[in-house]
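Position 1 is the first residue of the sequence, and the numbers go up from there.
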Amino acid sequence: MAVLAPLTACAGPYQYYKGTGLHDATAAEVAGGWENVEGTHVVLRKDGTALLEKLDGQDFDFEDGWRLSGTGTWQLTDDDGGRVVRLALTARARVEKRFPVPVADPSAPEPPSTCSWFFHVDRDQHDGLVLFFRYGDPDIGNMYVMTRETGA
């Protein structure tokens with residue numbers, strides 16, 4: 001038993017995350033404007049196109065500190081773990097750095113010209129939808145949460 005403890009010490013819940021289990025969200029519900037507290041805005045249009053503004057990288061890409069803006073496509077998919085929004089940036093318009101800028105690795109790659117994200121779909125306490133992905137070190141379990149746009 002003492003041998004297993006060191007081997008499983010880094011196995012946080014994120015590494016085995018299988019989704020929210022939500023299967024009843026529809027594309028019509030997901031379409032529309034989304035934002036987060038860091039100033040990210042995403043518009044998922046009913047025709048499957050998308051506008052992205054200041055969207056950070058997913059998983060370990062988040063650590064590179066870039067934020068992408070541009071246009072792309074999206075679709076709502078369903079698997080055993082629940083609904084997932086698959087968002088693809090196909091035409092990058094702008095790259096920004098997140099502040100404060102994380103310590104940059106000099107060997108870090110340039111920000112991508114195209115990129116994909118996988119947002120899990122869940123419901124909040126008021127039965128409204130939220131979109132989220134995990135970022136950074138999987139053992140920490142950070143969540144990048146998008147809620148319905150409140151402005152406009």
query: Between atom CE of Met146 and atom OG1 of Thr40, what is the distance when rounded to the nearest 0.5 Å?
result: 5.5 Å

message: Under the rule for ring pair (Phe, Tyr, Trp, His ring centres under 6.0 Å), what residues qualify as partners of His120, not counting sequence neighbours?
response: Tyr17, Phe132

- prompt: Would a 4.5 Å heavy-atom cut-off, applied to side chains only, mark Val84 and Phe119 as touching?
  reply: no

Within-4.5 Å side-chain heavy-atom neighbours: Thr147 and Glu35: yes

query: Are Tyr135 and Val95 linked, directly or through other ILVMFWY residues, by side chains that come within less than 4.5 angstrom of each other?
result: yes

statement: Correct closest heavy-atom pair for Ala50 and Leu44 would be CB-CD2, 4.1 Å

field: Rounded distance (nearest 0.5 Å) linking atom CG of Asp24 with atom CG of Asp127
entry: 7.5 Å

query: Out of curiosity, Asp80 CG to Asp78 CG, how far, rounded to the nearest 0.5 Å?
result: 8.5 Å

message: Run Gln75 and Thr73 through side-chain contact (heavy atoms from CB on, under 4.5 Å) and show every step you take.
response: CA-CA 7 Å; Gln75 72 179 98; Thr73 60; over 6 Å; no

message: If I compare all heavy atoms of Ala25 with all of Val121, which pair ends up nearest, and what's the gap?
response: CB-CG1, 3.9 Å

task: For the pair Asp64 (side chain) and Trp66 (backbone), establish whether a donor and an acceptor sit closer than 3.5 Å, ignoring hydrogens and angles.
output: no

Exercise: do Asp56 and Tyr144 side chains pair donor with acceptor under 3.5 Å: yes

- prompt: For Asp79, does the CG atom have more than 12 heavy-atom neighbours from other residues, nucleotides or ligands under 6.0 Å away?
  reply: yes

- prompt: Are side-chain heavy atoms of Arg134 and Met143 found at a separation under 4.5 Å?
  reply: yes

query: Quick one: does Trp74's side chain have a donor or acceptor within less than 3.5 Å of a partner on Arg45's backbone?
result: yes

message: For a quick test of reading the model, state the closest non-hydrogen atom pair linking Trp34 to Val130 and the distance between them.
response: CZ3-CA, 4.0 Å

- line: Nearest heavy-atom approach of Pro111 to Leu68 is CB-CD2, 4.3 Å

statement: In this structure, CG of Leu52 is separated from NE2 of His41 (nearest 0.5 Å) by 12.0 Å

message: Rounded to the nearest 0.5 Å, what separates atom CD in Glu63 from atom CG in Asp61?
response: 9.5 Å

- request: Find the distance between CG (Leu87) and CG (Leu131) and round it off to the nearest 0.5 Å.
  value: 9.5 Å

query: With ILVMFWY side chains joined below 4.5 Å, transitively, what does Val37's cluster contain besides itself?
result: none

- line: Quick note, side chain to side chain donor-acceptor pair (under 3.5 Å) partners involving residues 82-94, not counting sequence neighbours, are Ser69-Arg94, Thr77-Arg86, Arg94-Glu96

Minimum side-chain heavy-atom gap Arg67-Glu53 below 4.5 Å: no

query: Shortest non-hydrogen contact from Leu129 to Val30?
result: CD1-CG2, 3.8 Å

field: Any donor-acceptor pair under 3.5 Å from Gln58 side chain to Phe118 backbone
entry: yes

